[in-house]
Amino acid sequence: QYKPLTPCAASSESPPFVCVYAAGEHAALHRQRSLPHRPPVIPLVARMADQNTSGTPAMTEREASRLDKFKQLLAGPNTDLEELRKLSWSGIPRQVRPITWKLLSGYLPANAERRDSVLQRKRQEYFGFIQQYYDSRNDEHHQDTYRQIHIDIPRTNPLIPLFQQASVQEIFERILFIWAIRHPASGYVQGINDLVTPFFVVYVFEYIEEEVENFDVSSLKEEALRNIEADSFWCMSKLLDGIQDNYTFAQPGIQRKVKALEELVSRIDESVHRHMQQYEVEYLQFAFRWMNNLLMRELPLRCTIRLWDTYQAEPEGFSHFHLYVCAAFLVRWRKEILEERDFQGLMILLQNLPTMHWGNEEVSVLLAEAYRLKFAFADAPNHYKR
């Protein structure tokens, strides 16, 4: 059962300006395709490297010291996961991010000796699912699911050439189809396609040194590609286990979280909240996507990856801490919000927030504010309410 990504897809009567973001993305893609003889220029929003540090290729002393701490922690026979979480909260160095994500998500065991056998077993299990189920994608009772996945995959990060490669799109189709038929309570819901992306990119980095945006994955050995695919499937599954009520019928988890966001914002910034009410902006009209796609449509992918370092280090990061991040994110734009004086202006702003130039520094500030909010409100009974 296909469910819409944003309220603008939900109703043919929604005002057309709600879809400005999609139209802009489409226009940019069209322009890119209409110039076949030029090498594609990667828009800033699509660059994986954090431009805050891209001008300084050499690691700073502090970065080198942090990387050493990670390596020491990961080198022991049993990794102390609590220490690893503490260290990861403020960001994971790219060199150790793949192994760290696999440990924090619970995909790999803390015991180093058992890791190879676990990886081998889980990868075999995933390709067993492919053999067992993937041919059924054209069966009558699965073809709607497969068709929707097939439509959504090319729309996933359309400005990044990596994701327009046929072999990458086939990997995403397999991962999403297998997940959907193994989770019949929700099935495939639009938005889940975005959640594969950070895992895929991080696990590609296990095998390459260069930047990933233009990387041709067909140059990887088949075994490496199979490993990336299986590891991405299992880690995405672990993430979704914690937020599955976001995607079951009528998406009750998202409805609850948007309501909680509204109550939280009314407490932390009454001016912003009243301004929304004055111009009849419903939180569901913009924050549905924030919950459904975990802010992935609002931030450059490099920022999502940095955000997920913390989400995986934080208890209930994706299911609970994300709410405080959304509140901090909304209030971050208070000046721009309060300057808008009508419904249409507010909606265009809220669906096109100017984060294209964001990097690690902006994400760190956002996370620190979210952490502060969590401590200010998390332990009070009915903590979102007055």
Side-chain angles (χ1 to χ4, degrees), residues 65-134 171-172 174-179 181-183 195-209 212 217 220-244 305-321:
S65 159
R66 289 195 82 239
L67 180 58
D68 279 348
K69 281 182 188 164
F70 272 95
K71 285 182 170 172
Q72 282 170 23
L73 202 50
L74 294 165
N78 281 292
T79 302
D80 182 335
L81 292 180
E82 200 45 49
E83 280 304 309
L84 190 62
R85 282 192 190 94
K86 283 180 191 165
L87 203 50
S88 301
W89 204 98
S90 49
I92 302 167
R94 171 177 152 166
Q95 299 91 320
V96 290
R97 189 176 267 134
I99 175 92
T100 304
W101 274 27
K102 287 173 193 173
L103 284 162
L104 293 180
S105 68
Y107 175 47
L108 276 188
N111 181 292
E113 274 185 13
R114 289 181 46 226
R115 282 177 204 158
D116 284 345
S117 62
V118 167
L119 279 178
Q120 192 179 355
R121 180 169 53 81
K122 295 304 277 184
R123 288 165 178 171
Q124 281 175 348
E125 191 180 349
Y126 169 72
F127 284 100
F129 295 151
I130 298 285
Q131 282 186 316
Q132 191 177 344
Y133 299 121
Y134 198 58
I171 285 171
F172 276 49
R174 285 193 293 270
I175 287 173
L176 292 165
F177 182 76
I178 298 302
W179 188 87
I181 62 170
R182 293 190 74 246
H183 295 82
L195 306 185
V196 185
T197 310
F199 293 115
F200 182 80
V201 167
V202 167
Y203 298 151
V204 165
F205 277 139
E206 265 189 288
Y207 298 93
I208 68 168
E209 291 293 322
V212 76
V217 296
L220 284 172
K221 290 185 176 147
E222 190 187 351
E223 186 192 6
L225 266 180
R226 284 169 65 91
N227 292 348
I228 292 164
E229 178 175 344
D231 295 349
S232 298
F233 169 81
W234 286 114
C235 291
M236 183 197 81
S237 298
K238 291 272 190 194
L239 188 170
L240 284 165
D241 284 348
I243 56 170
Q244 203 181 337
I305 289 171
R306 168 63 194 88
L307 195 63
W308 284 24
D309 289 346
T310 299
Y311 281 8
Q312 296 190 86
E314 178 74 22
E316 299 186 313
F318 293 98
S319 59
H320 187 64
F321 187 62

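Just so it is clear, the model here is predicted, and its values are computed rather than measured. Any value given below was found using the heavy atoms of this structure, including those in side chains, with hydrogens, waters and symmetry copies removed.
Residues satisfying the salt bridge (charged side-chain N to carboxylate O under 4.0 Å, His left out) criterion with Arg66, sequence neighbours excluded, are absent altogether. For Arg94, the salt bridge (charged side-chain N to carboxylate O under 4.0 Å, His left out) partners are Glu211, not counting sequence neighbours. Not counting sequence neighbours, the partners of Glu229 by the side-chain hydrogen bond (donor to acceptor under 3.5 Å, both in side chains) test are Tyr126, Arg174. Every residue two or more places apart in sequence or in another chain was checked for a side-chain hydrogen bond (donor to acceptor under 3.5 Å, both in side chains) with Ser237, and none qualifies. Scanning for side-chain hydrogen bond (donor to acceptor under 3.5 Å, both in side chains) contacts around Ser319 gives an empty result, with sequence neighbours left out. Under the rule for a salt bridge (charged side-chain N to carboxylate O under 4.0 Å, His left out), the partners of Glu82 that lie at least two apart in sequence or sit in another chain are Arg85. Applying the salt bridge (charged side-chain N to carboxylate O under 4.0 Å, His left out) test to Glu206 and every residue at least two apart in sequence or in another chain returns Lys102. Under the ring pair (Phe, Tyr, Trp, His ring centres under 6.0 Å) criterion, Phe177 pairs with Tyr134, His142, not counting sequence neighbours. Residues passing the side-chain hydrogen bond (donor to acceptor under 3.5 Å, both in side chains) test with Thr310 are Arg306, sequence neighbours excluded. With sequence neighbours left out, the side-chain contact (heavy atoms from CB on, under 4.5 Å) criterion links Ile99 to Leu74, Val96, Leu103, Leu108, Arg115. Remark: Tyr133 engages no residue in a ring pair (Phe, Tyr, Trp, His ring centres under 6.0 Å) (not counting sequence neighbours).
Residue pairs meeting the salt bridge (Lys or Arg N to Asp or Glu O under 4.0 Å) criterion with at least one member in residues 103-114, sequence neighbours excluded, do not occur.
Summarising the geometry of Ile305 relative to Trp101, their closest heavy-atom pair is O-CZ2, 3.5 Å, with the distance given to 0.1 Å. Nearest approach of Ser88 to Leu84, heavy atoms of both residues: OG-O, 2.7 Å. Shortest non-hydrogen contact noted between Ser232 and Val196 is CB-CG1, 4.5 Å. In terms of heavy-atom proximity, Leu195 sits nearest to Pro198 at O-CD, 3.7 Å. Listed here is the closest heavy atom pair of Ile228 and Tyr203: CG1-O, 3.6 Å.
Contact of the Asp309 side chain with the Leu104 side chain is not registered, since no non-hydrogen atoms from C-beta on lie closer than 4.5 Å. Side-chain contact check for Leu240 versus His183: every heavy-atom pair is 4.5 Å or farther apart.
To the nearest 0.5 angstrom, Phe70 atom CZ is 5.5 Å from Ile92 atom CD1. Between atom NZ of residue Lys122 and atom CG of residue Asn227 there is a gap of 14.5 Å, rounded to the nearest 0.5 Å. Summarising the geometry, atom CH2 belonging to Trp308 is positioned 5.0 Å from atom CZ belonging to Phe318; distances are rounded to the nearest 0.5 Å. The CD1 atom of Ile243 sits 5.0 Å away from the CG atom of Leu239 when rounded to the nearest 0.5 Å. Rounding to the nearest 0.5 Å places CZ of Phe200 at 15.5 Å from CZ of Phe233. Of the inter-residue distances, the one linking Leu307 atom CG with Gln312 atom CD reads 10.5 Å to the nearest 0.5 angstrom.
Aromatic ring orientation, Phe129 versus Trp234: tilted (interplanar angle from 30° to 60°).
Ion pairing of Glu223 with Arg226 is absent here, as no side-chain N (NZ or NE/NH1/NH2) approaches a carboxylate O to less than 4.0 Å.
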